[in-house]
Amino acid sequence: AGNPTDPCDNAAFAAAVATACENAMAAQSTCCTSIGGTFCSDLLKDCKVDACAGANGVHSAIAGMVNDLFTDAVLDVCNNPNLGQGTTPPLLECPAGSVISLGADPANNDIGGCGLGDCDDRYDTADIEECEAKCRSNTHCIAFSFAPAGGDKNHNTNTVCSLYNNDTPSATWGPSQIFCKMQRSCHLDSNSFGDDITTISWSQDGGNSFQTVLGPANAWNALREYNFAG
């Protein structure tokens, strides 16, 4: 049995996405021939998966996802035949406050779709540090992927920062991308092991800074429990 929350488990919806991707490839046949190799056929496979996940069961969203994930990517390369050639994307490392999360592959890990927020929100991030800061400021984000310019085959001219509420990669994407999960830590300040604990604080950046969630002004006349995401 499939995952009932996965729109791609709906055969009719998945078929509609596949048809839209195939039609987009047919419409760009001249460009695909000019580009050569397996570029378009590889994109077609990815389109059928990622457009399905991105459209999330909404039929009216399929065309936009296919345009974003397939047509725009083909046109970028078709109009810029030297795009990405002779340029090696920089070595990627997760910044302070996060650690690399590996899936089945040692590199270019990913989760299909656009993650939290709209697809178009992912292309205005200057570097991986800014991407990590975006995740840290989003209460739903526990992981992020980042591709520098030239690192995302669908968006060669852009950096791509995707935020996720899941820190387990389930796919790969490239040619140069890293998947990082946030580090969360809890710091307990106490004067003794009795009931005179003064402060509980937590950190979202690996312990570089802390935010107090319970201070001396709060009464400690009962057992207290606090749960922190991650």
Side-chain angles (χ1 to χ4, degrees), residues 2-3 6-85 87 89 103-105 107-125 131 144-164 166 169-179:
N3 180 354
D6 184 353
C8 299
D9 278 353
N10 183 311
F13 187 77
V17 171
T19 298
C21 291
E22 290 165 358
N23 289 342
M25 182 168 174
Q28 298 302 325
S29 59
T30 300
C31 270
C32 286
T33 300
S34 175
I35 295 168
T38 62
F39 181 83
C40 285
S41 59
D42 288 344
L43 269 186
L44 178 62
K45 294 175 186 177
D46 295 328
C47 178
K48 291 179 179 180
V49 175
D50 291 335
C52 192
N56 197 29
V58 180
H59 281 268
S60 61
I62 293 175
M65 291 303 305
V66 171
N67 185 73
D68 185 46
L69 295 170
F70 186 90
T71 304
D72 284 353
V74 172
L75 291 175
D76 277 348
V77 177
C78 191
N79 295 330
N80 301 275
N82 296 319
L83 190 61
Q85 295 183 8
T87 301
D105 226 286
N108 298 325
N109 285 285
D110 188 60
I111 293 176
C114 299
L116 299 170
D118 296 330
C119 289
D120 289 343
D121 293 340
R122 304 179 301 153
Y123 312 130
D124 62 348
T125 307
C131 187
F144 63 91
S145 64
F146 180 80
D152 186 315
K153 58 188 172 185
N154 276 2
H155 306 283
N156 281 281
T157 58
N158 300 104
T159 62
V160 183
C161 170
S162 303
L163 310 183
Y164 303 102
N166 182 347
S170 55
T172 58
W173 195 253
S176 179
Q177 175 174 282
I178 193 169
F179 191 100

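In this structure, the separation between CG on Asp76 and NE2 on His155 is 8.0 Å, given to the nearest 0.5 Å. Between Leu116 atom CG and Ser162 atom OG the span is 9.5 Å, to the nearest 0.5 Å. One finds the SG atom of Cys47 at 8.5 Å from the CE atom of Met65 (value rounded to the nearest 0.5 Å). Interatomic distance, CG of Leu163 versus OG of Ser145, reported as 8.0 Å (0.5 Å rounding). Interatomic distance, CG of Asp152 versus OG1 of Thr157, reported as 10.0 Å (0.5 Å rounding). In this structure, CG on Asp68 lies 7.5 Å from CG on Asn154, to the nearest 0.5 angstrom.
Salt bridge annotation for Asp46-Lys153: present, with a cationic side-chain nitrogen under 4.0 angstrom from a carboxylate oxygen.
Shown here for Ala147 and Gly151, the closest heavy-atom pair between the two residues is CB-C, 3.9 Å. The shortest heavy-atom contact between Phe13 and Ala55 is CZ-CB, 3.7 Å. Shown here for Gly113 and Asp50, the closest heavy-atom pair between the two residues is N-OD1, 3.5 Å. Nearest approach of Cys161 to Thr125, heavy atoms of both residues: CB-OG1, 3.4 Å. Listed here is the closest heavy atom pair of Phe144 and Cys131: CD1-SG, 3.5 Å. Here the shortest heavy-atom pairing between Cys40 and Phe70 reads O-CE1, 3.6 Å.
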Is there a side-chain contact (heavy atoms from CB on, under 4.5 Å) between Thr159 and Tyr123? Walk through the geometry before answering.
CA-CA 6 Å; Thr159 62; Tyr123 312 130; 6.0 Å; no

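In this structure a side-chain-to-backbone donor-acceptor pair under 3.5 Å is missing from Thr19 to Ala16. Without hydrogens or angle criteria, Asn108 side chain to Gln177 main chain gives a donor-acceptor distance under 3.5 Å.
Disulfide check for Cys114/Cys119 passes, with the SG atoms closer than 2.5 Å.
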